[in-house]
Amino acid sequence: MFFYTRYPSSNMLKIFFSDVKFNRCITSQLIKWFSNFREFYYIQMEKFARQAINDGVTGADELTVSRDCELYRALNMHYNKANDFEVPERFLEVAQITLREFFNAIVAGKDVDPSWKKAIYKVICKLDSEVPEIFKSPNCLQELLHE
DNA sequence: TAAACTCCTG
DNA sequence: CAGGAGTTTA
């Protein structure tokens with residue numbers, strides 16, 4: 001689900017985890033999950049952006065996120081270990097945008113500001129797309145595997 | 001104020 | 001991932 005939405009609202013979570021009986025605790029736990037997901041995501045982005053800079057990349061347009069790049073492998077390993085899901089194309093685009101966003105910010109020296117990442121987060125949170133209906137089913141994993 | 005976030009740690 | 005502290009936001 002993270003491949004589609006990085007910032008799901010609590011209402012959205014309730015819809016997509018229809019088999020779960022929500023209470024304060026469960027809700028905050030799921031919210032926490034996505035927070036952790038984002039953390040890993042952004043950390044990877046920053047890491048690869050800095051790596052690109054060290055490797056002598058000069059322009060953000062030289063940075064690209066494809067299905068065979070190292071960054072993609074790291075993300076897929078983390079969110080899609082068993083390769084059960086087909087990662088949507090849109091996710092690659094968002095990842096690339098994020099990577100370039102970090103790249104530009106670092107090159108511009110904005111990382112001296114303690115809260116320099118907030119500007120990037122603000123951009124990325126606008127890039128959530130709709131999650132396919134299948135994910136609403138409690139058995140979505142099985143159903144997806146049968147396709 | 002309470003929910004939701006980030007940041008740091010285990 | 002989970003917990004906790006501290007901040008932001010509605």
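Order of the sequence lines fixes the chain letters, A, B, ..., with proteins taken first and strands second; residue numbering starts at 1 for each chain.
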**Asked** So do A:Phe3 and A:Tyr79 actually touch side chain to side chain, heavy atoms under 4.5 Å?
**Response** yes
**Request:** Measure the distance from CD on A:Glu39 to P on B:dT9 and round it to the nearest whole Å.
**Result:** 11 Å
**Request:** Nearest whole angstrom, please: distance from the P of B:dA3 to the CD of A:Gln29.
**Result:** 16 Å
**Length of the line joining A:Asn36:CG and B:dC5:P, which is rounded to integer Å** = 12 Å
**Request:** Measure from OH on A:Tyr42 to C1' on B:dT6 and round the result to the nearest Å.
**Result:** 11 Å
**Message:** Checking contacts here: which listed nucleotide (B:dA4, B:dC7, C:dC1) is nearest the side-chain heavy atoms of A:Ser10?
**Reply:** B:dA4
**Item:** d(NZ, A:Lys32; C1', B:dT9) in whole Å
**Value:** 10 Å
**Item:** Below 4.0 Å: OP1/OP2 of B:dC5 and any side-chain N or O of A:Ser35
**Value:** no
**Distance in angstrom units between A:Phe40 CZ and B:dC8 C1', rounded** = 17 Å
**Item:** Interatomic distance, A:Asn11 CG vs B:dA4 C1' [rounded to whole Å]
**Value:** 13 Å
**Message:** For a quick test of reading the model: is some side-chain N or O of A:Arg38 closer than 4.0 Å to OP1 or OP2 of B:dT6?
**Reply:** yes
**Request:** For the residue pair A:Tyr41 and A:Thr98, confirm or rule out a side-chain donor-acceptor distance under 3.5 Å.
**Result:** yes
**Asked** Do A:Glu62 and A:Thr58 meet the criterion of a side-chain donor-acceptor pair at a distance under 3.5 Å?
**Response** yes
**Item:** Closest listed nucleotide, where the reference is the side chain of A:Trp33 and the choices are B:dC7, C:dC1, B:dA4
**Value:** C:dC1
**Request:** Verify the ring-centre separation between A:Tyr121 and A:Trp116: is it less than 6.0 angstrom?
**Result:** no
**Asked** Is there a side-chain polar atom (N or O) of A:Tyr79 under 4.0 Å from OP1 or OP2 of C:dC1?
**Response** no
**Asked** Please give, in whole Å, the distance from B:dT6 P to A:Phe34 CZ?
**Response** 13 Å
**Message:** Using ring pair (Phe, Tyr, Trp, His ring centres under 6.0 Å), reason through A:Phe85 and A:Phe135 one step at a time and then give a plain yes or no.
**Reply:** CA-CA 11 Å; A:Phe85 300 102; A:Phe135 287 82; 5.6 Å; yes
**Message:** With a 4.0 Å cutoff (strictly under), does any side-chain N or O of A:Tyr7 reach OP1 or OP2 of B:dT6?
**Reply:** yes
